[in-house]
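First the proteins, then the strands, lettered A, B, ... as listed; each starts at 1. Hydrogens, waters and symmetry mates play no part in the numbers below; they use all other heavy atoms, side chains included.
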2 protein chains.
Amino acid sequence: MANIQQVARAAGVSTATVSRYFAGLSVRSHDAIAHAVALLDYTPSPVARSLKSGRNHAIGVIVPDITNPFFAALVKGIESEARGSGFELILGNSDEDAAIESSLVAAISQRVDGMIIAPVVEDDAAVAGFIAGGSPAVFVDRDIVAGVVGETAARQTVDRVLVDNAAGAALAVEHLAGLGHRAIAVISGPLDSTPGRARHAGFLDEMARLGLPMSADLVRISDFREEGGYTSMAELVDLPERPTAVFVANNLMAIGALRLLNDRQIPVPGSVSVIGFDDLSFAPLLNPPLSVIRRPDVLQGATAARLLLRRLLAKPGEEIPPERLSLPVELVIRGSTSRPNPEGTR
Amino acid sequence: MANIQQVARAAGVSTATVSRYFAGLSVRSHDAIAHAVALLDYTPSPVARSLKSGRNHAIGVIVPDITNPFFAALVKGIESEARGSGFELILGNSDEDAAIESSLVAAISQRVDGMIIAPVVEDDAAVAGFIAGGSPAVFVDRDIVAGVVGETAARQTVDRVLVDNAAGAALAVEHLAGLGHRAIAVISGPLDSTPGRARHAGFLDEMARLGLPMSADLVRISDFREEGGYTSMAELVDLPERPTAVFVANNLMAIGALRLLNDRQIPVPGSVSVIGFDDLSFAPLLNPPLSVIRRPDVLQGATAARLLLRRLLAKPGEEIPPERLSLPVELVIRGSTSRPNPEGTR
DNA sequence: GCGCGGACTGTAATCGATAACAGTGAGGTT
DNA sequence: AACCTCACTGTTATCGATTACAGTCCGCGC
């Protein structure tokens, strides 16, 4: 690849003039430079530009699992928003592992101008360091909790794009209770994650508000993975008093739960109603079609990207107060939830 | 972030010595430097290193649609392979659009050392330029065809990781024919893509080999998207002589096709058998469970990454002959395929 | 004591671009 | 004619690291 010196020589000007040409300033030798550029197929080196300017024109995106359709949709939303602005995406997949997440953040923090992070846990020193270093970040599905490393810095320059997890969980409980269910179980995600905790709390609060009984047996804390949903559901159906309905706190665990019910040939919703959190494009085609709490996934990514780009494109000195957005969720009723079967639970 | 000068000053040595310290050479002031580095929290700037060395320690990954579970799995495979080697991933989503793909390649080609591309079409000048510039690339699902821009350069330095598309299509036909189907339709992808063409040809060849009748009505050329599968299936079921089985050449179109059948309440496989290409984690849970031709998706990504890294890590001057790997596919029989219903097609 | 080799070190050029600064020359004004 | 202004241009330092080259210093052998 040609460099600016070769172009300058070919056009008979200095490198400064070529640089100005690319900055859009008016230049006497405009045509000669254009000709030399075309001839040599020259593009300014982004690396050299980065070094000089301190800006990378790249944003880091860290997700726990790109094969989870929700995160894929999130990345798609981010991508479409970033592309137009000339920012590249550097992607990291943390595999739901906090240590990997940490090392990913450390590895890319000098190559990006900002990050969008859907964190595994809420306390990550590498993320805190990135933010403390003055770089902007946007948290997806992670609120800022007190007493955590880097909390102070985060309150100032970190935007958050959340969904109303608690309301979603409440919506699910309300729906099931409205159908007549009383013995409602929950398969929750890790409680040290924002969505895990918020959905769990939303579930319990709504159960209490409706005066529904809640036994410890009916509460399973799992891991947001398909296998976790599978084994948790196995534990629930083996209970002496099997629940008539289950709220599963994310999409992968819901798939795992359905798979267990399928394997055991337990009719859904005949014997157990199931409702998940996070929609799936193929949810209507499942057997039975899965009722879910849906959130705007692509939009959540696009919003995160927009908040980040707003900071990155701000004029120096411009103060931008951190945003905390909460996107609405909705109940999508399909075939996996129905009235409880009066003939008993088996 | 501190720079090498500050570290050098703090340790009382020159920048060259600090640089050598990081290169692992033996240095008298080892401890003083280590101390200064820890104190200042210094990490060498990857941008400055890139500029000096000409290597970016990044690989570009371009996929048509990250929300397609196959590509998500592919990226996961690439990611896990790249992480260990200290290479970052720069991701681009082309949205199945050749022009976007082109501009993505152009935008990142100076920021990466190599690319893994799952191309939309087979002829892309930007990709050809990247390769002609001496950078290695790996094609996923795209063979090198004669007469295309950059063909010559590509033959020398481009590895390919394919799957045996034709064999997969033949396997599907064989399965359906074995069940007794004769009127078998196909919903193919774009014929200017390698998998589109190879699966299409594999289908037609096997139909001919088995002596099964083939009418133009039964051949639909679509676009590998869910909506395309939906509309193509609508055309097929409206045919006066409705086929008893359909081979759908990718996963998203298969979902679309199932959705149409679902919407029209056409029993599967009672009225029409359906078999897809590319498995889905939730395929067993669909209604009915979808029979598919399966390929090793994560492995395909990991393999592509390994081939690319092998070139990137090679000693200068080392000649590496280009590989063309074809991974095996397998038939997964589930509930969406059965014997044709003798009572007719409706 | 002198010279030599080996181990380490500092100086300075370099990668490719940008931008502050100091010209340069054409055109207009007095 | 002298001078000023304006629009553009070239020279050069700079971003942060690496590395060729040219030392420096120490211990050892003669």
_Options dA17(D), dT9(D), dT19(D), nucleotide nearest the side-chain atoms of Ala16(B)_ = dT19(D)
*What's the closest nucleotide to the Arg20(A) side chain, out of dC8(D), dG10(D), dA17(D)?*
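Closest of the options to the side chain of Arg20(A): dG10(D).
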_Reading DNA chain C from 5' onward, which residue's closest nucleotide shows up sooner: Leu51(B) or Val13(B)?_
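Its nearest nucleotide lies further toward 5', so the answer is Val13(B).
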_For Thr15(B) and Asn3(A), find the nucleotide of DNA chain C closest to each by heavy atoms; which residue's nucleotide sits nearer the 5' end?_
Thr15(B)
Using whole Å, what does the distance between atom [atom2] of nucleotide [N] and atom [atom1] of [X] come to?
| X | N | atom1 | atom2 | answer |
| --- | --- | --- | --- | --- |
| Arg28(B) | dG27(D) | CZ | P | 10 Å |
| Lys52(B) | dT18(D) | NZ | C1' | 4 Å |
| His30(A) | dA7(D) | NE2 | C1' | 16 Å |
| Gln5(B) | dT14(D) | CD | C1' | 10 Å |
| Tyr21(B) | dA17(D) | OH | C1' | 16 Å |
| Arg55(A) | dG16(D) | CZ | C1' | 18 Å |

Mind checking whether [X] and [Y] have side chains closer than 4.5 Å, heavy atoms only?
| X | Y | value |
| --- | --- | --- |
| Val161(B) | Phe139(B) | no |
| Leu104(A) | Glu79(B) | yes |
| Gln300(B) | Val140(B) | yes |

*Is the closest side-chain donor-acceptor distance between Asp141(B) and Thr194(B) under 3.5 Å?*
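No, Thr194(B) and Asp141(B) have no side-chain donor paired with an acceptor closer than 3.5 Å.
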_Once you apply a heavy-atom cut-off of 4.0 Å, does Val18(A) come out as touching a base, just sugar-phosphate, or nothing?_
nothing
*asked:* Regarding Ser19(B), tell me which of base, sugar-phosphate or nothing describes its non-hydrogen contacts under 4.0 Å with the strands shown.
replied: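 If one applies the 4.0 Å heavy-atom cut-off, Ser19(B) turns out to touch a base.
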*asked:* Centroid separation under 6.0 Å, is that true for the rings of Phe224(B) and Phe70(B)?
replied: no
Phosphate OP1/OP2 of [N] contacted by [X] side-chain N/O (<4.0 Å):
| X | N | result |
| --- | --- | --- |
| Arg49(B) | dT18(D) | yes |
| Ser29(A) | dT9(D) | yes |
| Tyr42(B) | dA17(D) | yes |
| Ser53(B) | dA17(D) | no |

*Determine, step by step, whether Lys76(A) and Asp297(A) satisfy the salt bridge (Lys or Arg N to Asp or Glu O under 4.0 Å) criterion, reporting the C-alpha distance in whole Å, the side-chain angles of both residues, the deciding distance to 0.1 Å, and the verdict.*
CA-CA 9 Å; Lys76(A) 189 183 191 130; Asp297(A) 45 16; over 6 Å; no
*Contact interval (first through last nucleotide) of DNA chain C with protein chain B, 4.0 Å heavy-atom*: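 Span of nucleotides near chain B: dC8(C) to dG16(C).
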*Apply the salt bridge (charged side-chain N to carboxylate O under 4.0 Å, His left out) test between Glu323(A) and each candidate in Arg310(A), Arg160(A), Arg311(A), Arg306(A); give the one that qualifies.*
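Looking at Arg310(A), Arg160(A), Arg311(A), Arg306(A), the match for Glu323(A) under the salt bridge (charged side-chain N to carboxylate O under 4.0 Å, His left out) is Arg310(A).
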